[in-house]
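Worth saying up front: this structure is predicted, and the values here are computed from it rather than measured.
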Amino acid sequence: DPVSSHDNKSDVLCHRIRLTGVVQGVGFRPLVWRLAKELRLTGWVRTDAKGLEIEVRGHDELSKLAERFNSMATALQARINDLEQITQRLTVSEERYALAMRGANDGLWDWDISHGTIFIAPRFRAIASIPEGQTPPLGDYGLLDIHPDDRSDYRALLVRHLKGRSSQFEYEFRIRICSSHSGERIEWRWIHARGLAQRHPLTHRAYRMAGSITDIDARKRTEARRLHESFHDSLTELPNRSLFIEHLDNALARRARDPALLFAVVAINLGRFHVVNDSYGHATGDRVIHAVAERIRAVLRRRAPEQVNDSV
């Protein structure tokens with residue numbers, strides 16, 4: 001009958017649990033797993049929207065174990081719900097961060113100093129012209145082929161930050177990139193690098209550093225062009241009055257520091273130059289001025305190339 005069947009199941013279940021050695025003082029986790037396994041055989045375990053739950057019958061030792069199991073299962077389910085919410089928030093946060101980085105157009109890098117490895121994001125590869133699947137070995141200047149004129153300052157600023165003497169690493173410099181057509185390194189590109197080191201709380205030694213690089217080549221080229229235009233004539237590309245005055249001021253300053261230094265200012269007038277402009281137009285006149293200036297410059301450099309600092 002049902003009653004005797006229930007009693008037989010209880011006796012068999014209790015006997016099986018005792019055979020596992022699960023008694024007072026033994027860890028609760030093995031007991032729970034064994035209990036859940038055995039109760040499934042009896043049909044006492046049910047699953048609902050709240051999770052796993054064991055039906056409690058009576059007030060014997062098995063019922064107390066079932067109550068403890070239900071309590072633990074409820075707490076575990078609550079913890080699982082919390083972890084799922086945390087995972088969802090992390091997923092949203094990662095998507096937001098990735099979108100922000102793509103919008104900022106920066107290339108991320110993460111340098112594991114302790115193990116000598118580095119992670120670079122796809123945008124970093126694009127800026128530095130590093131092919132997918134290839135990572136250059138870490139050298140004295142990281143992964144980048146830095147312009148010789150920028151290497152000493154780059155290294156000094158990096159070492160300064162790694163030693164804790166600056167709050168952040170930040171530097172604008174040039175790197176050599178690969179040509180997409182020939183594969184040869186023939187072009188320099190300006191980038192802006194930023195980084196922050198993570199330090200051991202006791203030794204304060206940097207063991208990790210992460211940051212980003214930004215392609216600023218277009219801005220740097222625009223700045224260089226504007227600087228050139230401010231000191232050169234837009235038509236003839238010759239130095240203008242502003243550059244001449246700057247060179248003259250520099251020469252006077254050097255002369256004041258060293259009286260033995262000699263310099264001269266030569267003013268050359270092209271006779272009847274207005275006839276060229278009137279007869280052939282100002283464009284031809286500009287070409288004549290440019291040709292005369294190049295000839296004078298060539299003569300000065302040919303006679304004393306190591307001494308001449310001319311502005312023609």
Enquirer: Between N240 (side chain only) and L243 (backbone N and O only), is there a donor and an acceptor less than 3.5 Å apart?
Expert: yes
Enquirer: Starting at CD1 of I120, measure out to CG of D110 and round the result to the nearest 0.5 Å.
Expert: 11.5 Å
Enquirer: Has the side chain of S279 got a donor or acceptor atom that lies under 3.5 Å from a matching backbone atom of V276?
Expert: no
Enquirer: Decide if atom CZ of R205 counts as having more than 12 heavy atoms of other residues, nucleotides or ligands within a radius under 6.0 Å.
Expert: no
Enquirer: Please determine whether side chain to side chain contact (heavy atoms under 4.5 Å, CB included) holds for the pair H161 and L196, giving the CA-CA distance in whole Å, both sets of side-chain angles, and the decisive distance to 0.1 Å.
Expert: CA-CA 8 Å; H161 179 66; L196 188 65; 4.0 Å; yes
Enquirer: Do you know which two heavy atoms are closest between P148 and W188, and how far apart they sit?
Expert: CD-CH2, 3.9 Å
Enquirer: Can you measure from CD1 (I216) to OG1 (T222) and round to the nearest 0.5 angstrom?
Expert: 11.5 Å
Enquirer: Report yes if the side chains of I268 and V266 come closer than 4.5 Å at any heavy-atom pair, otherwise no.
Expert: yes
Enquirer: OH of Y207: more than 12 outside heavy atoms within 6.0 angstrom?
Expert: yes
Enquirer: Salt-bridge test for D145 and R151: reply yes if a basic N is under 4.0 Å from a carboxylate O, no otherwise.
Expert: yes
Enquirer: Excluding sequence neighbours, so at least two apart, what forms ring-ring contact (aromatic ring centres under 6.0 Å, His included) with H282?
Expert: none
Enquirer: Can you measure from CH2 (W111) to CG (L158) and round to the nearest 0.5 angstrom?
Expert: 5.5 Å
Enquirer: Please, which pairs that meet salt bridge (Lys or Arg N to Asp or Glu O under 4.0 Å) have at least one residue in residues 259-272, sequence neighbours excluded?
Expert: none
Enquirer: Is there a path of hydrophobic side-chain contacts, each under 4.5 Å between heavy atoms, that joins Y280 and L270?
Expert: yes
Enquirer: For the pair D258 and R254, find out whether any cationic side-chain nitrogen is under 4.0 Å from an anionic carboxylate oxygen.
Expert: no
Enquirer: So which atom in F169 and which in M209 form the shortest heavy-atom distance, rounded to 0.1 Å?
Expert: CB-CE, 3.6 Å
Enquirer: Do the side chains of K220 and E223 get nearer than 4.5 Å, heavy atoms only?
Expert: yes
Enquirer: Please evaluate residues H115 and D112 with respect to the criterion side chain to side chain donor-acceptor pair (under 3.5 Å), reporting the C-alpha separation (whole Å), side-chain torsions for both, the decisive distance (0.1 Å), and the verdict.
Expert: CA-CA 6 Å; H115 297 87; D112 188 339; 3.1 Å; yes
Enquirer: Using side-chain contact (heavy atoms from CB on, under 4.5 Å) as the criterion, list what pairs up with D149, not counting sequence neighbours.
Expert: H147, R174
Enquirer: Is it true that R123 and D106 have a side-chain N and a carboxylate O under 4.0 angstrom from each other?
Expert: no
Enquirer: Does D286 offer a backbone N or O that forms a donor-acceptor pair with the side chain of H290 under 3.5 Å?
Expert: no
Enquirer: Quick one: CD1 on I130 to CZ on F124, what's the gap to the nearest 0.5 Å?
Expert: 5.0 Å
Enquirer: Applying side-chain hydrogen bond (donor to acceptor under 3.5 Å, both in side chains), which residue pairs with at least one partner in residues 82-91 are found, sequence neighbours left out?
Expert: none
Enquirer: Give me the atom names and distance for the closest heavy-atom approach of E172 to R219.
Expert: OE2-NH2, 2.8 Å
Enquirer: For L144 versus I175, what's the shortest heavy-atom pair and its separation?
Expert: CB-CG2, 3.9 Å
Enquirer: If I compare all heavy atoms of S242 with all of S230, which pair ends up nearest, and what's the gap?
Expert: CB-O, 4.2 Å
Enquirer: Nearest heavy-atom pair of D217 and W190: which atoms, and what distance?
Expert: OD1-N, 3.0 Å
Enquirer: Are T284 and R287 linked by a side-chain donor-acceptor pair shorter than 3.5 Å?
Expert: yes
Enquirer: Any heavy-atom pair between the side chains of I113 and L162 that's under 4.5 Å?
Expert: yes
Enquirer: Can you establish whether the number of heavy atoms outside R208 located under 6.0 Å from its atom CZ is more than 12?
Expert: no
Enquirer: Kindly write out the residues that satisfy side chain to side chain donor-acceptor pair (under 3.5 Å) with H192, not counting sequence neighbours, or none if the list is empty.
Expert: E170, R194
Enquirer: Please enumerate all residues that pass side chain to side chain donor-acceptor pair (under 3.5 Å) together with N81, with sequence neighbours excluded.
Expert: Q77
Enquirer: Measure the spacing between CD1 of I213 and CZ of F173 and express it to the nearest 0.5 Å.
Expert: 7.5 Å
Enquirer: Measuring from atom CG of L252 to atom CD1 of I245, what distance do you get when rounded to the nearest 0.5 angstrom?
Expert: 11.5 Å
Enquirer: Judged by atom type as modelled, is there a donor-acceptor pair below 3.5 Å linking the side chain of R189 to the main-chain atoms of I127?
Expert: yes
